[in-house]
Number of protein chains: 2
Amino acid sequence: MYCDFMSESEISHDPIDVREALRGAGLQVTAQRLAVYQAVQATPHAMADDILQVVKNELGVISKQAVYDALNAMAEHGIIRRIQPAGSPARYEHRVDNHHHLVCRQCNTLIDIDCAIGEAPCLIAEHDHGYIIDEAEVTYWGVCPSCQNVS
Amino acid sequence: MYCDFMSESEISHDPIDVREALRGAGLQVTAQRLAVYQAVQATPHAMADDILQVVKNELGVISKQAVYDALNAMAEHGIIRRIQPAGSPARYEHRVDNHHHLVCRQCNTLIDIDCAIGEAPCLIAEHDHGYIIDEAEVTYWGVCPSCQNVS
DNA sequence: ATCCAATTCTTTACTCTGTCAAGAATTGGA
DNA sequence: TCCAATTCTTGACAGAGTAAAGAATTGGAT
């Protein structure tokens, strides 16, 4: 989905070696984490509960807490990315390059928008107020094609 | 839609006539709503529960639901604005012009960042994928001065 | 190959935001 | 002044996520 495994420009969202990434982050490699990662990869922008269901199908059993732990640990170490548009529970994605999101105000559908700049932060604030800014998160809000037809 | 009744030179955070704004939106003017608006104005980026406390001090009693109703109604009609940075409950602000936010990853402090463009959407996505985009929400993430000293 | 400490997973209970629903009270136009 | 529509109060509830403690697993050291 989203042609993530096709290397059009070879820059970013190719599948990564999760085991290696986990070890590199000082995290243990467990069946649960691998399954959670695969679920995130296979289900773009899924939320924790979706992941839980997918992984249950895969592993048979896994606890809610294990899913949250895995998601949090991997997100914290940049192996996956957590996004959370206003009004939505947290969603997860395996693309960790700097890109943005476009959300439909009506049906909440969310799609990726590539970033023209690429590297974070891709925008510079006029006045940083002394903050050390490392990311400019951009969320575009609008109405998706199918919701335009409905209304 | 955003502050259309204000002249160019005062496109900003001057106090507005809430009664008038409420009536203009077809909403009734009630003591609860006025108090909620004043609390939002007096407590920048406060969350619903903070507002509840502030208004309780003001009015003596008000229900949680009345606060939520007032916040939602006013946000829906552009009298106040709801923001919700990832990981935080909803916050409210009386500035309804197009501006952005800078959040400290450590202490979650949130400050306003003026938008150089001013009018929404201030950024254009390269590919709109058929969406009708009306807003580009920008959230800068970083570390605030005092957290820089602590670490 | 075995062992052990550290990490991770399971289970259960719980917190925190926010919503739902029904009846009482208020608002504002006729 | 009166009345219908809107809004507020009260209390129960739902969803997302966290806390804590003990069991199981991982992976490096022997």
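Computed over heavy atoms, backbone and side chain alike; hydrogens, waters and symmetry mates excluded. Owing to the predicted nature of the structure, the values given are computational and were not obtained by experimental measurement. First the proteins, then the strands, lettered A, B, ... as listed; each starts at 1.
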Sugar-phosphate, base or nothing in reach of B:Ala48, heavy atoms under 4.0 Å =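 The answer is sugar-phosphate, as B:Ala48 gets under 4.0 Å only of primed atoms, P, OP1 or OP2.
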Relative to the 5' end of DNA chain D, which residue comes earlier, B:Lys64 or B:Arg33, by the nucleotide with the nearest heavy atom?
-> B:Arg33
Verify the cluster assignment for [X] and [Y]: are they in a single hydrophobic cluster under the rule of side-chain heavy atoms below 4.5 Å apart?
{"X": "A:Met47", "Y": "A:Val96", "answer": "no"}
{"X": "B:Ile51", "Y": "B:Ile83", "answer": "no"}
{"X": "B:Leu27", "Y": "B:Tyr68", "answer": "no"}

Whole angstroms only, please: what is the [atom1]-[atom2] distance between [X] and [N]?
{"X": "B:Asp69", "N": "C:dT26", "atom1": "CG", "atom2": "P", "answer": "17 Å"}
{"X": "A:Arg19", "N": "D:dT25", "atom1": "CZ", "atom2": "P", "answer": "17 Å"}
{"X": "A:Arg91", "N": "D:dG15", "atom1": "CZ", "atom2": "C1'", "answer": "15 Å"}
{"X": "A:Tyr68", "N": "C:dT8", "atom1": "OH", "atom2": "C1'", "answer": "18 Å"}
{"X": "A:Gln32", "N": "C:dT8", "atom1": "CD", "atom2": "P", "answer": "11 Å"}
{"X": "B:Leu52", "N": "C:dT19", "atom1": "CG", "atom2": "P", "answer": "14 Å"}
{"X": "A:Ile51", "N": "D:dG15", "atom1": "CD1", "atom2": "P", "answer": "19 Å"}
{"X": "A:Arg23", "N": "D:dT26", "atom1": "CZ", "atom2": "P", "answer": "12 Å"}

More 5' along DNA chain C: B:Asp49 or B:Val29, using each one's nearest nucleotide?
-> B:Asp49
Among [options], the one nearest [X] by side-chain distance:
{"X": "A:Leu27", "options": "C:dG18, D:dT18, C:dT8", "result": "C:dT8"}
{"X": "B:Gln65", "options": "C:dT19, C:dT17, C:dG28", "result": "C:dT19"}
{"X": "A:Ala66", "options": "D:dC8, D:dG17, C:dC9", "result": "C:dC9"}
{"X": "A:Ala90", "options": "C:dG18, D:dG17, D:dC8", "result": "D:dG17"}

Could you identify the nucleotide paired to [N], looking across every strand shown and requiring Watson-Crick or G-U wobble geometry with both distances under 3.5 Å?
{"N": "D:dG17", "value": "C:dC14"}
{"N": "C:dG29", "value": "D:dC2"}
{"N": "C:dC9", "value": "D:dG22"}

Ignoring backbone atoms, establish whether [X] has a side-chain N or O less than 4.0 Å from OP1 or OP2 of [N].
{"X": "A:Asn72", "N": "D:dG17", "result": "no"}
{"X": "A:Thr30", "N": "C:dT7", "result": "no"}
{"X": "B:Gln28", "N": "D:dC8", "result": "no"}

Note, A:Val138 side chain near B:Glu137 side chain (heavy atom, < 4.5 Å) = no
Could you tell me whether a side-chain N or O of B:Glu93 sits under 3.5 Å from a main-chain N or O of B:Asp112, the two making a donor and an acceptor?
-> no
Can any side-chain N or O of A:Asn57 pair as donor or acceptor with the backbone N or O of A:Val54 at less than 3.5 Å?
-> no
